[in-house]
Amino acid sequence: MEIITKFACKPMEDFKIKSSLLVGALVMMLCYNLLCLKELYKGISAQTRELVEQSLRDADLDEVLNRATKYPEINPDIAYQGKSMSQSRSIRGDTLHVTIVDGNDSVMATRTTPLAPGTNYSDIMVNEIGYGAHQTIDPVYKLRIADMDSLFRLSLSRKGINLEVASVLSVDSDNKLVAGDARLRSAAGLDSITVCYNLLSGESYVAYFSPPDKYIFDRMKGIVLSTAAIILLIAMAFMYLFHTVSRLRTIEEMKDDFVSNMTHELKTPIAIAYSANDALLNYDTGNDPSKRENYLKIANRQLKRLGELVENILSMSMERRRTMKLKPETIRLGPFTEEIAAAQRMRGGKQIEIEVEADGDVCVEADRTHLTNVLNNLIDNAIKYSGESVRIVVGLDSKGISVSDNGIGIPQKSLPYIFNKFYRVPHGNRQDVRGYGIGLYYVKSILDKMGWSIDVKSKTGEGSVFTIKFSKNG
């Protein structure tokens with residue numbers, strides 16, 4: 001028996017080990033996936049900042065090139081000296097070198113810019129055109145920061161980036177405000193990008209904008225939603241798996257309990273019948289007819305009990321239940337129930353009182369054999385789960401049958417499960433209460449097949465009432 005138990009436990013242990021490994025692997029994959037999502041967010045965020053910076057440079061170039069056409073009046077605050085300037089540019093290795101000279105070939109400014117790997121040289125040339133345009137136009141035509149704001153938002157919109165806040169300031173080389181709304185500098189929760197637009201004066205644009213989380217999420221939502229769906233499906237699958245395994249384990253335990261109880265139930269009548277038969281064979285009972293008759297009755301009762309147990313087991317067979325066909329006939333419930341009650345009153349072991357209360361001559365269409373088994377099961381349970389004496393009342397009317405008793409009752413927590421296969425109400429270590437957990441399951445199965453229903457009301461210490469209704473809706 002110990003070897004069988006160990007063998008039975010091994011698949012469950014293997015399942016636990018494999019499930020733990022699988023869950024661990026899935027958790028690691030999920031963590032890696034989340035890490036990849038984080039890196040993807042960083043990458044898209046960096047790309048978005050590059051797009052915002054590119055939008056700022058595009059807006060800058062549009063603004064400076066259109067300024068003279070849109071506002072032809074010369075800036076009165078800055079005198080144009082008529083100096084000509086030129087720029088020379090060269091790329092040596094990974095560095096851009098720019099030299100600005102005046103008409104007398106005097107160097108006015110120099111600049112070196114490191115070039116990152118993969119730098120787009122066409123973008124460099126566009127930027128340099130912008131620098132040159134500023135050095136020529138700024139001294140003559142005044143900067144219009146409102147136009148810069150408008151062009152910046154337009155450039156962002158063309159790239160599909162729509163932000164709640166997007167505005168531009170102009171600052172000098174000391175980061176002092178030249179033009180724009182100073183309140184942006186103290187606004188909370190805004191990102192900023194700085195682009196120098198005039199190399200000679202050191203003036204720069206500072207773009208303030210709300211974090212582009214919505215734009216980034218729109219770029220990521222496909223993979224984010226699919227990942228969330230996969231996580232949800234995996235979680236649901238595991239919940240269903242563990243729920244199913246838990247139910248199977250419970251059923252397995254109930255089945256083991258059933259085998260144990262049924263073994264005892266089968267051994268008891270066999271042992272008693274064997275003892276009675278042994279007494280007939282080995283002792284001088286021929287001269288004592290009363291003893292012989294008594295032994296034969298004992299053996300007969302036990303064999304009958306054994307037959308009932310075997311019949312109940314066969315009734316629970318799935319193959320038999322699939323092919324089982326009911327044979328309905330008209331039954332007068334009064335005489336039918338009284339016959340069952342009379343047989344049950346003859347049981348020994350305790351004082352039994354069974355009363356049949358019929359509301360008129362009630363007839364019903366039912367399978368006589370199975371209805372007999374149903375009522376015998378209910379009355380048998382009422383007798384079994386009671387004290388030294390029991391009073392049972394079987395009520396009959398046109399709506400159904402009720403079987404009430406004054407037995408030990410059923411705990412409230414057990415009521416939802418008493419019709420489950422192999423389920424037995426726990427009664428501690430009591431040895432006088434035995435069963436094998438299929439009687440009420442059989443009752444419920446047969447009544448369902450007949451199109452009837454059954455419910456129960458019970459209270460511990462006060463007895464139970466089982467009510468059979470002749471229709472599902474009762």
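Counting begins at 1 with the first residue of the sequence.
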Without swapping roles, check the side chain of Ser414 against the backbone of Ile410 for a donor-acceptor pair under 3.5 Å.
-> no
Is the backbone N or O of Arg153 less than 3.5 Å from a side-chain atom of Ser157, with the two atoms forming a donor-acceptor pair by type?
-> no
Would you tell me whether Asp213 and Tyr41 have side-chain atoms, one donor and one acceptor, within less than 3.5 Å of each other?
-> yes
Could you check whether any side-chain heavy atom of [X] comes within less than 4.5 Å of a side-chain heavy atom of [Y], counting everything from C-beta outward?
X	Y	value
Asp58	Glu63	no
Asn420	Tyr441	no
Val52	Pro212	no
Ile454	Thr467	no
Ile408	Ser386	no

Check against side-chain contact (heavy atoms from CB on, under 4.5 Å), Arg185 and Tyr208 = CA-CA 8 Å; Arg185 290 184 143 185; Tyr208 289 91; 3.5 Å; yes
What is the distance from atom CD of Gln47 to atom CG of Leu40, rounded to the nearest 0.5 Å?
-> 8.5 Å
Hey, what do you get for CG (Asn33) to CE (Met29), rounding to the nearest 0.5 Å?
-> 8.0 Å
Counting heavy atoms not belonging to Leu26, are there more than 12 under 6.0 Å from its CG?
-> yes
May I have the step-by-step check of side-chain hydrogen bond (donor to acceptor under 3.5 Å, both in side chains) for Ser464 and Asp405, ending in yes or no?
-> CA-CA 6 Å; Ser464 307; Asp405 63 69; 4.6 Å; no
Would you check if the distance from the ring center of Tyr197 to the ring center of Tyr205 is below 6.0 Å?
-> yes
